[in-house]
2 protein chains.
Amino acid sequence: MNRLVSVIQALKAKGVRLTSERQLILRRAVNHLHFSAEELVNDVRTIDRSVSRMTVFRTLTLLQNAGLVEKHDFHYGPPYYEVTYGKAHHDHLMCMRCGEIIEFQEPRWEPMQEEAAKRYGYKLLSHTHKLYGLCGSCQTRNNGKPVHKAPKLHVEEIVA
Amino acid sequence: MNRLVSVIQALKAKGVRLTSERQLILRRAVNHLHFSAEELVNDVRTIDRSVSRMTVFRTLTLLQNAGLVEKHDFHYGPPYYEVTYGKAHHDHLMCMRCGEIIEFQEPRWEPMQEEAAKRYGYKLLSHTHKLYGLCGSCQTRNNGKPVHKAPKLHVEEIVA
DNA sequence: GAATATTTGTTACTCAGTATCAACTAAGAA
DNA sequence: TTCTTAGTTGATACTGAGTAACAAATATTC
């Protein structure tokens, strides 16, 4: 709940009008760790059918522009969103079979990235760094069988 | 031309039937560094109108599964493809304004990624690492103005 | 309370592909 | 060579993840 409050305050501070629709969408969004747009639409509309799909998309865009939400393309399955406001920067490790997502930090990478960008005269503004593999149980459980495109992603606790 | 030959040989070695459509598609694909599926469709169909959009998509999928082509989601603009066969692994640096893409290598990262995956019991299979920023000329040329979503990507030489 | 601006829902559309399926090859067997 | 069968192709339709247009509803400012 604390988290919702702080996200709402951050939005207000940016002068964004906080309608009841937006509040509901935010409330549901902070409840998930990673979610697809369509999942959020369903979740929100389970609670209030009168909120349209469009409003959810628009709010998601609004939140992205305000820097509170990030969109991740995991290459397997649909793009996933994450409320990143107040969270430390982290990268993602995903299991290609079961879709588990682990968030982790690797502080050593940050300066190296700055350095790489600078090498080409670039000013670094953001980055994405995603690792794909097989989690422990998928390695043993399905040994030998081919790896498919991961079907769907599960919400997962922040691990590091 | 050498490159096309080696890609074709790699395909044959995998027992993939090499039709005239596939040859044309490959020939055009190795000519670009990064290209969107739709760009490749247009390029191929400029040369031979009888090749359908579908065949281009199917061939792209085939090549991905054969490990000769990689699909990159640059977060700005459409997904881009790249014939990676015979190329050393590299990461990407992209200008958020003009869409320039620079390919670069950073060998120090590879073992660190393995290590990070292992920390969580994962077997690392692949990764994507993309840096976004402003290239030298976009930094000075448009100083102060906001950065848009990059409109389209240009084909760019491998720099490192 | 009127004028103005913002937000919303509806509907239609786009982009990047997938799915289906019948017609067309291509390669091996008889 | 012709037959059989499997692989490939093109046409058409459809899907998922949004974007665009616009009028109606709501909020804000005067």
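Per chain, numbering begins at 1; letters A, B, ... match sequence-line order.
- Atoms CG (Leu60(A)) and P (dT19(D)) sit 10 Å apart, rounded to a whole Å.
- A donor-acceptor pair shorter than 3.5 Å cannot be found between the side chains of Tyr85(B) and Gln9(B).
- Distance CD (Gln23(A)) to P (dT26(D)): 17 Å, rounded to an integer number of Å.
- Hydrophobic clustering (side-chain heavy atoms under 4.5 Å, transitive across Ile, Leu, Val, Met, Phe, Trp, Tyr) groups Leu4(A) together with Ile47(A).
- Phe35(B) places its CZ atom 15 Å from the C1' atom of dA16(C), with the value rounded to the nearest Å.
- To the nearest 0.5 Å, atoms CG (Leu26(A)) and OG1 (Thr59(A)) are separated by 7.5 Å.
- Interface residues of residues 50-59 of chain B facing DNA chain D, ordered by number: Ser50(B), Val51(B), Ser52(B), Met54(B), Thr55(B), Arg58(B); criterion, heavy-atom separation under 4.0 Å.
- Ring planes of His129(A) and His129(B): parallel class, angle under 30° (limits at 30 and 60°).
- The CZ atom of Phe74(B) sits 19 Å away from the C1' atom of dC15(C) (whole-angstrom rounding).
- What separates CZ of Arg49(B) from C1' of dT9(D) is a distance of 17 Å, to the nearest Å.
- Residues from residues 8-21 of chain A that place a heavy atom under 4.0 Å from any atom of DNA chain C, listed by number: Arg17(A), Thr19(A), Glu21(A).
- Residue order along DNA chain D, read from the 5' end via each residue's closest nucleotide, puts Arg22(B) first among Arg22(B) and Arg45(B).
- Rounded to a whole Å, the CG atom of Leu40(A) is 14 Å from the C1' atom of dG18(D).
- For Lys123(B), the NZ atom sits in a loose shell: 12 or fewer heavy atoms of surrounding residues, nucleotides or ligands are nearer than 6.0 Å.
- Across the protein-nucleic acid pair, Leu62(A) atom CG and dG18(D) atom C1' stand 16 Å apart, rounded to whole Å.
- Taking atom NE2 on His72(A) and atom C1' on dA17(D), their separation rounds to 17 Å, with Å as the unit.
- Of all heavy-atom pairs between Glu100(B) and Cys135(B), the closest is OE1-CB, 3.7 Å.
- Using a 30° and 60° split on the angle between ring planes, Phe74(A) and His72(A) fall in the tilted class, from 30° to 60°.
- Taking only side-chain nitrogens and oxygens, Tyr81(A) never comes nearer than 4.0 Å to OP1 or OP2 of dA17(D).
- Of all heavy-atom pairs between Ala117(B) and Leu131(A), the closest is N-CD1, 4.4 Å.
- In this structure, the helix from dG1(C)-dC30(D) to dA30(C)-dT1(D) shows an angle of 20° between the axis at its start and the axis at its end, each fitted on 5 base pairs and rounded to 10°.
- Using a 3.5 Å distance cut-off with no hydrogens or angles, the side chains of Glu39(B) and Tyr80(B) do pair a donor with an acceptor.
- Nearest heavy atom pair, residue Val51(B) against residue Val56(B), reads CG1-CG2, 4.3 Å.
- For the pair Lys71(B) and dA16(C), the criterion of a side-chain N or O lying under 4.0 Å from OP1 or OP2 is not met.
- For His89(A) and His127(A), the ring centers are positioned less than 6.0 Å apart.
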